[in-house]
Amino acid sequence: MTPLAEKIVNLIQQTGPLKISDYFALCLADPDHGYYQRREPFGQSGDFITAPEISQLFGEMIGVFLVQAWQAQGAPEKTRIVEIGPGRGTLMSDALRVIARLAPDLYADATIHMVETSERLRNVQRQTLVRIKQRISWHHAVEDLPAGFTLIVANELFDALPIRQFVKTPEGFCERVVGLDDGGNLAFGLAPGGFDTTLLPIEAGRVPNGEVFEASPARSAVMQAVAAQILRDGGTALTIDYGHLVTGFGDTLQAVHQHEFDPPLARPGEADLTSHVDFQVLAEVAREAGAHVHRPMTQGDFLLRLGILERAGALGAGRDSLTQATISDAVNRLAGEGEGRMGALFKVLAVSGKPVGITPFDPQAA
Ligand code: SAH
């Protein structure tokens, strides 16, 4: 048993089974043994690899998008450039290099803000961005950001925020919980009640028994705070993650350890724990808050429309064939479809404080 598994077993013995959301939060953020406090998640020696760690092209395309969002909204002075859940700080570093080149005025008087809960990752970010560290401030929550026109990016943040799961049974919906089996090991169970059926995309009576529905008040709360920030003094928020554009059913809770899927109860604190993001819910939360929702698209379409192929060509021009092959592999992985590629599985949602057309999104609201 991992040290966190022992702690969770003790907790369950004292207070009873945990909701999936409580188990999820302990696995990722327990102050002593939480995954993001302890482990180095990213890269070959870690557990998974994210788009900005695959290639500088990803952060560069985000930089291009942020410049376009800024220009489309009148190029305001003293912009806040914000990243939520910045990991190693690689995306911000690559995006800022492009912003400095394409929009020196934006770069010159912008302040940089990192919303990050992990102290260990804040230190990694400080090292990655050491050249500009005096321009950066770190915050615990979106609500702590200063006022002002704001450009926000969050890559693979929402998948790391806890979900609750509900299972349809002949007696109605029950909440999935983590309890103990006869041997005292962590095991899934069901607890009656506690479900708001108005969240369902179809009538509760038509949902087959055994079907799983996921809801995430934590994700909605972060989206509400993001919408409030860009509604206050204007701005745009971009979020990228794996998930679905339309609310559906299915158990998407997943643990990953050293690049392999792992049973979600096997290694609390030592495996990454995530689930697929419901972009329809995030879009509705933003819309209800009064924000303008740009029609979401796949990561593949987003990167291709922003010109990743042209940028890759420029990056590879005059370089040796191995470097060129590495660049072309990266483009395939980021924008291509199929096994091991992110282009179709990952979706991109942008929301703005006011209705505005921003390339590469359609000008009209979704
Ligand atoms: N964006 C990075 C890292 C993704 S991993 C990349 O693409 O490589 C998720 C990141 O979100 C980590 O930095 C983690 O510490 C951070 N995180 C998790 N929960 C958070 C929360 N509630 N608020 C802010 N950051 C959070």
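Worth saying up front: this structure is predicted, and the values here are computed from it rather than measured. Whatever order the structure lists ligands and atoms in, that order sets their numbers, starting from 1.
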Student: Closest by any non-hydrogen atom to atom 16 (C) of ligand 1: pick that one out of Ala51, Gly85, Ala154.
Tutor: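 The residue whose heavy atom sits nearest atom 16 (C) of ligand 1 is Gly85.
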Student: Where on Leu91 is there a heavy atom closer than 4.0 Å to ligand 1, on the side chain, on the backbone, on both, or on neither?
Tutor: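 Looking at Leu91 and ligand 1, no heavy atom falls under 4.0 Å.
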Student: Which residue and non-hydrogen atom of the protein lie closest to atom 22 (N) of ligand 1, and at what distance in Å?
Tutor: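 Checking every protein heavy atom, the shortest distance to atom 22 (N) of ligand 1 gives Leu161 CD2, 3.5 Å.
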Student: Could you tell me whether the side chains of Thr150 and Gln229 share a donor-acceptor contact shorter than 3.5 Å?
Tutor: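 Gln229 and Thr150 do have a side-chain donor-acceptor pair below 3.5 Å.
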Student: Is the closest side-chain heavy-atom distance between Leu238 and Phe361 below 4.5 Å?
Tutor: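 Leu238 vs Phe361: side chains touch.
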Student: Is it the case that more than 12 heavy atoms not belonging to Arg120 sit under 6.0 Å from its CZ atom?
Tutor: yes
Student: With a 4.0 Å cut-off on heavy atoms, is Glu83 in contact with ligand 1?
Tutor: yes
Student: Should the pair Glu40-Arg88 be classified as a salt bridge under the 4.0 Å nitrogen-to-oxygen rule?
Tutor: yes
Student: Do ligand 1 and Asn155 have nitrogen or oxygen atoms that lie under 3.5 Å from each other?
Tutor: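 There is such a contact, yes.
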Student: Side chain, backbone, both or neither: which applies to Leu121 and ligand 1 if a contact is any heavy-atom pair less than 4.0 Å apart?
Tutor: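 Side chain only.
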Student: Which of the atoms of ligand 1 are close to Ser118, meaning less than 4.0 Å from one of its heavy atoms?
Tutor: 15 (O)
Student: Check each atom of ligand 1 against the heavy atoms of Val115 and keep those under 4.0 Å away; list them by number with element.
Tutor: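 Counting from 1, the qualifying ligand atoms are 24 (C), 25 (N).
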Student: Using a 4.0 Å cutoff against the non-hydrogen atoms of Pro52, which atoms of ligand 1 qualify?
Tutor: 6 (C), 7 (O), 8 (O)
Student: Under 4.0 Å from a heavy atom of Thr50: which atoms of ligand 1 are those, numbered in the order shown and with their elements?
Tutor: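 In order of number, 6 (C), 7 (O), 8 (O).
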Student: Determine, for Phe195 and Arg164, whether the Lys NZ or Arg CZ falls below 6.0 Å from the six-membered ring centre while staying within 45 degrees of the axis.
Tutor: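 So Arg164 doesn't make the cation-pi contact.
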Student: For atom 23 (N) of ligand 1, find the nearest protein heavy atom and state the residue, atom name and distance (0.1 Å precision).
Tutor: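 Minimum-distance protein heavy atom for atom 23 (N) of ligand 1 reads Thr117 CG2, 3.7 Å.
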Student: Would Arg219 and Ser275 count as having a side-chain donor-acceptor pair, cut-off 3.5 Å?
Tutor: yes
Student: Would Arg97 and Glu60 pass as an ion pair if we require N to O under 4.0 Å?
Tutor: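 Here Arg97 pairs with Glu60 in a salt bridge, since their nearest N and O are under 4.0 Å apart.
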Student: Can you sort out which atoms of ligand 1 are near Phe42, meaning under 4.0 Å from one of its heavy atoms?
Tutor: 3 (C), 5 (S), 8 (O)
Student: What protein heavy atom sits nearest atom 15 (O) of ligand 1, and how far off is it?
Tutor: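 Here the closest protein heavy atom is Glu116 OE2, 2.5 Å.
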Student: Consider only side-chain N and O atoms of Tyr242 and Thr274, and report whether a donor and an acceptor are under 3.5 Å apart.
Tutor: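 A pair is found: one side chain offers a donor N or O, the other an acceptor, under 3.5 Å apart.
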Student: Give the numbers and elements of all ligand 1 atoms closer than 4.0 Å to a heavy atom of Pro86.
Tutor: 2 (C), 13 (O)
Student: Who's the nearest protein heavy-atom neighbour of atom 5 (S) of ligand 1, and how far?
Tutor: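 For atom 5 (S) of ligand 1, the nearest protein heavy atom is Tyr36 OH, 3.3 Å.
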Student: Using only heavy-atom distances, determine whether the side chains of His139 and His113 contain a donor-acceptor pair under 3.5 Å.
Tutor: yes
Student: When you compare the side chain of Phe173 with that of Val207, does any pair of heavy atoms fall below 4.5 Å?
Tutor: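 Yes, close enough: below the 4.5 Å cut-off.
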Student: Output the list of atoms in ligand 1 that are nearer than 4.0 Å to some heavy atom of Gly87, sorted by atom number.
Tutor: 2 (C), 3 (C), 13 (O)
